[in-house]
Amino acid sequence: MSSSFGDLLQQAEQLTADMDSGWELPRVERNLHQLAEAGQRLWSQTTGVAGDSAQVKASILLGTKGFDVPRLSEKLDRLDTAKTFEPLEPVRETDIQGFLRNERENAILAAIEEARKNTFNQAEKHQWACMESEWEKEKEKILNSLLGAGQETLDFSGEAEVFTTSSLSLQGRSALDATELAYARQVYIHNEALLQSARHNIVDGFLTLIDRFEDPIIKDMWTFIKELGEELQRSRGSSQVMTEEVRFSMDFQVAFIKMARSFLEGRYLKFVQDTVYSNLHQAKLGGVPGTLQLVKSFLKIKLPPVVQGLEDGDVDGTPLWPLIYYCLRCGDPKAALQAVKHVPQHLAEFRDFFVEYLNSKESRLSPSSESKLRLQYRRSIRTSQDPFKRAVYCLIGQCDVQSDSHQEVANKTEDYLWLKLRQVTVREEEGNNDGVSFQWLQTMLLEQFGEAHFNAYQKPLLYFQVLFLTGQFEAAIEFLSRTEAFRSHAVHFAIALFKMHVILLPESIQAQLVTTFSGDPQPSRRLNFARLIMSYTRKFEVTDPREALQYFFLLRGMNGPQGEDLFMSCISELVLETREFEMLLGKLEPDGKRKPGCIDKFHKDTQKIIEVVAKDSADKGLSEEAVKLFDLAKNHDRALEILNKLLSQVISASSGLQSPRDRLQTLAVDLAQRYRTLGHSASQSRISTFFLLLDLMQFFDLYHAGQQDTALDVMHKLRLVPLGSEAVEERVAAFRQYNDEIRRNLPDVLLATMNILYTKYRNTRGSGQSPLAGSQRNLRDDGGQERYRDILRRQARALITFAGLIPYRLPGDTNARLVQMEVLMN
């Protein structure tokens with residue numbers, strides 16, 4: 001079917017009319033040229049990958065925005081992805097070679113990336129391990145300097161002494177005051193007695209210092225500790241009982257409570273006597289001896305003339321119930337019984353109760369009598385206006401123990417403490433719920449009341465006494481050690497109790513100064529005795545190392561965090577801190593014998609202690625000190641191992657005044673002379689390397705001094721590098737036997753030797769005569785200079801050949817310089 005142009009024109013106009021009949025799309029007007037370009041562009045995009053509709057759509061989209069799609073594709077294909085660590089783009093399946101190359105490169109990149117990740121992970125792991133190790137050591141030092149458990153304030157007094165007294169130690173100045181020196185003297189006497197297998201009670205030694213102390217509480221506490229030790233000696237006998245078994249036993253608690261009450265009663269009796277004798281005119285003591293008359297005179301001073309609420313009359317003008325109470329307070333119940341006889345008839349039953357109380361071993365009524373007395377107290381005595389009467393009933397019958405604190409009578413801390421110690425119960429009877437336990441009293445004083453209630457920082461000795469007399473030795477010592485003025489007393493209180501085996505110790509010496517243990521009854525604490533001693537000695541260990549050593553001897557038998565002997569660890573830290581190697585560890589005499597040091601009397605195996613200090617010195621980078629200490633401990637092999645490493649680092653350097661090389665050379669020569677004369681225990685490999693390093697050091701000394709002929713003769717004798725083609729193979733084979741300390745210096749040896757040969761060669765060219773030496777002087781005939789230069793060239797060629805054959809990677813500049821000098825000689 002054919003159509004004319006007229007029909008086509010009509011159809012086109014019809015289409016135009018349809019487009020204009022309400023369509024929302026805009027009308028596109030293009031000329032034939034634009035249509036041809038758009039068609040050509042679409043045709044060029046679709047001919048390459050026919051059938052790929054996605055690429056066609058992309059080409060249409062980008063083409064309409066003006067992008068040259070063919071050139072853009074070429075640029076994308078040329079991108080080199082091999083420069084990154086990302087996997088390469090996949091290639092077409094038909095390109096086998098490209099696929100294999102891509103897979104190979106991806107595998108290589110994956111291996112590189114895996115190695116990089118492993119390296120970074122290992123480096124990070126090693127870094128954290130080192131930081132953790134260093135932090136543990138620093139943390140231990142910081143914890144040792146803490147004022148106390150839970151305190152955020154650091155005690156820098158010890159460290160300040162280190163800086164300020166380091167120069168004063170040379171003048172004999174001590175960081176210890178008079179009291180601390182006196183205590184240290186007693187510790188020294190005790191240790192000397194133990195070392196001589198003699199019996200010595202350190203508490204007796206401390207008691208001899210009482211007259212030096214100004215505070216009466218300190219004096220009284222030492223007396224109390226003495227009595228406590230005697231009581232423990234009677235109860236234990238010769239048997240060795242665990243500290244926990246003693247501290248938590250009922251027998252110990254009953255005996256301790258009785259001692260604490262007697263201590264407070266004795267102090268109050270002395271107070272009453274001092275008060276009366278200071279006011280004899282007002283007291284009107286009279287001539288009758290005894291506590292009853294003394295208390296009567298005291299009450300004339302103590303009580304005002306008219307006191308409200310006192311009941312039941314008086315005894316010779318003295319109120320009845322205050323007289324009974326103060327007789328009990330002074331620790332004389334027999335004197336109180338004399339006053340009880342004047343109790344009115346309606347309270348006659350109380351006399352029988354008091355007699356029973358007086359005759360009881362534990363100062364307790366029987367359960368039946370106690371119940372009757374409590375019933376009487378609840379019926380009439382509780383509402384009495386006489387505070388002394390209520391207090392006496394509560395003391396005898398354990399009435400209102402928790403609810404009534406008797407502030408009218410016990411208005412002082414010691415009075416309150418005595419009253420509670422009179423009321424506590426250790427052995428609980430069935431059906432008795434009115435009494436209070438010893439643990440309840442300890443918890444109330446330590447945790448409920450605490451330091452704030454007792455104004456502890458204003459009156460530290462008072463709060464210390466409260467805790468100590470309630471059997472909380474560890475918490476009392478920890479608190480008192482925070483006060484600088486009483487720290488020495490706290491430490492030596494702890495030493496005395498430690499020797500008496502009543503201090504509870506933690507499982508690890510890394511614990512805080514005071515800790516709790518889940519298996520102990522609350523509120524028991526455990527004292528880190530080792531940390532207390534180490535923090536105390538930190539103040540004076542630099543200026544008084546001998547005294548610090550005496551205190552460290554108290555820690556023998558304890559183990560450190562790694563299981564090491566704590567005494568040895570403390571000695572090691574003391575030596576490294578003070579650098580008093582000879583004084584503490586001794587020194588070697590010229591004949592090879594060791595002069596004893598301070599540690600010899602403390603330990604029979606001093607060699608082991610010296611090796612511990614030497615190992616710690618090496619770990620801390622004090623290599624020169626480690627060499628001397630290992631040599632002092634007769635561990636020659638370890639000493640030479642470290643010394644060889646040190647020498648290998650400075651052999652090629654030029655010497656200077658007081659330079660590290662000079663110090664090491666002096667040390668090495670001293671050891672070499674002694675080992676050759678007196679012998680040694682080092683291995684053949686170590687000693688041969690050591691002497692070869694010394695010879696090389698002599699070679700470089702001659703080389704730097706410009707003595708080239710002598711230096712070359714030394715190198716001939718050492719037979720380290722070949723100076724002739726016939727010796728190359730022999731030297732290469734011998735090179736495999738050398739240690740790393742020798743190998744690492746080979747580049748400098750080769751350069752120095754080649755430099756000597758080149759200098760000698762250059763001198764023959766410049767002077768017109770051959771500077772021959774040794775066996776080569778017979779070459780001074782016609783052609784002798786040329787023959788000598790030929791020998792130098794052959795020696796240089798042997799060095800180049802040797803450098804290329806040895807199984808050792810030389811630095812690139814070394815090879816270049818060797819070749820350069822060898823070329824200049826040709």
Side-chain angles (χ1 to χ4, degrees), residues 257-273 275-276 283 285-286 288-303 307 309-366 369-370 372-374 376-377 381 384 386-401 404 406 408-412 414-424:
I257 291 173
K258 185 180 296 185
M259 289 182 58
R261 292 200 307 251
S262 299
F263 172 79
L264 292 173
E265 290 166 356
R267 282 179 57 85
Y268 197 80
L269 178 61
K270 187 176 183 303
F271 166 72
V272 171
Q273 292 174 344
T275 303
V276 171
L285 181 60
V288 180
T291 305
L292 184 65
Q293 185 64 30
L294 183 67
V295 171
K296 287 180 180 179
S297 301
F298 174 74
L299 290 176
K300 293 177 182 178
I301 305 171
K302 177 75 173 179
L303 291 177
V307 180
L310 298 180
E311 300 178 356
D312 301 328
D314 54 58
V315 179
D316 298 333
T318 304
L320 174 64
W321 292 108
L323 182 61
I324 297 174
Y325 173 80
Y326 282 109
C327 285
L328 292 175
R329 181 69 181 87
C330 291
D332 194 346
K334 293 182 179 180
L337 180 60
Q338 299 178 27
V340 170
K341 295 178 181 179
H342 296 80
V343 170
Q345 189 62 33
H346 68 278
L347 297 177
E349 191 177 8
F350 177 79
R351 303 174 192 169
D352 301 330
F353 292 148
F354 192 87
V355 172
E356 180 182 349
Y357 175 84
L358 182 63
N359 296 328
S360 174
K361 293 183 179 179
E362 298 183 2
S363 300
R364 287 292 305 273
L365 297 176
S366 64
S369 299
E370 196 170 83
K372 294 178 182 179
L373 185 62
R374 288 178 179 176
Q376 184 180 359
Y377 175 79
I381 306 302
S384 172
D386 191 336
F388 294 97
K389 184 177 182 178
R390 295 197 311 270
V392 171
Y393 266 84
C394 289
L395 284 172
I396 305 302
Q398 312 294 321
C399 308
D400 285 346
V401 176
D404 195 347
H406 304 281
E408 305 93 335
V409 175
N411 55 358
K412 301 292 184 182
E414 288 190 0
D415 297 333
Y416 174 81
L417 183 60
W418 172 81
L419 187 65
K420 291 303 178 184
L421 287 174
R422 276 285 181 183
Q423 294 176 321
V424 295

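Bear in mind that the values here come from a model prediction, so they are computed numbers and not experimental data.
- At least one side-chain heavy atom of L294 sits under 4.5 Å from a side-chain heavy atom of L269.
- Between D312 and H346, some side-chain heavy-atom pair lies under the 4.5 Å cut-off.
- Within the 4.5 Å cutoff, no side-chain heavy atoms of T318 are placed close to those of F298.
- Remark: the backbone N or O of E356 is not paired with any side-chain donor or acceptor of S360 at under 3.5 angstrom.
- If you take CZ on R351 and NE2 on H342, they are separated by 9.5 Å, rounding to the nearest 0.5 Å.
- Heavy-atom minimum distance, A336 versus F354: CB-CZ, 3.7 Å.
- For the atom pair CD1 (I396) and CZ (R422), the distance works out to 7.5 Å, reported to the nearest 0.5 Å.
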Please table the atom pairs, donor to acceptor, closer than 3.5 Å between any side-chain atom in residues 322-329 and protein atoms at least two apart or in another chain.
unit_1: R329; atom_1: NE; unit_2: D415; atom_2: OD1; d: 2.9
unit_1: R329; atom_1: NH1; unit_2: L264; atom_2: O; d: 3.3
unit_1: R329; atom_1: NH2; unit_2: D415; atom_2: OD1; d: 2.9

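- With sequence neighbours excluded, the residues that form a side chain to side chain donor-acceptor pair (under 3.5 Å) with K270 are D274.
- In this structure the side chain of L347 reaches within 4.5 angstrom of the side chain of Q376, judged on heavy atoms.
- Residues C399 and Q423 share a closest heavy-atom pair of O-NE2, 4.1 Å.
- Between K334 atom NZ and T291 atom OG1 the span is 11.0 Å, to the nearest 0.5 Å.
- The two residues C394 and D400 make their nearest non-hydrogen contact at SG-CB, 4.5 Å.
- You'll find the ring centres of F353 and F350 outside the 6.0 Å limit.
- The CG atom of L419 sits 9.0 Å away from atom CG of L421, with the distance rounded to the nearest 0.5 Å.
- Side-chain atoms of E370 never come within 3.5 Å of backbone atoms of R364 as a donor-acceptor pair (strictly under, hydrogens ignored).
- Here the shortest heavy-atom pairing between D386 and E311 reads OD2-N, 3.0 Å.
- Taking each heavy atom of R390 and S384 in turn, the nearest pair found is NH1-O, 2.7 Å.
- Contact check on E349 versus K372 returns no salt bridge, with no Lys/Arg side-chain nitrogen under 4.0 Å from an Asp/Glu carboxylate oxygen.
- Expressed to the nearest 0.5 Å, how far NZ of K412 lies from CZ of F271 amounts to 8.0 Å.
- Residues L292 and K296 form a side-chain contact, since some pair of their non-hydrogen atoms from C-beta on lies under 4.5 Å apart.
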Review point. Step by step, would you call Y268 with V272 a side-chain contact (heavy atoms from CB on, under 4.5 Å)?
Key: CA-CA 6 Å; Y268 197 80; V272 171; 3.6 Å; yes
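- In this structure, the side chains of P387 and W321 stay at 4.5 Å or more apart for every pair of heavy atoms.
- Between V340 and V343, the closest side-chain pair of non-hydrogen atoms falls below 4.5 Å.
- When side chains are defined from C-beta on, Y393 counts as touching K389, because their heavy atoms get closer than 4.5 Å.
- In terms of heavy-atom proximity, G397 sits nearest to L365 at CA-CD1, 4.5 Å.
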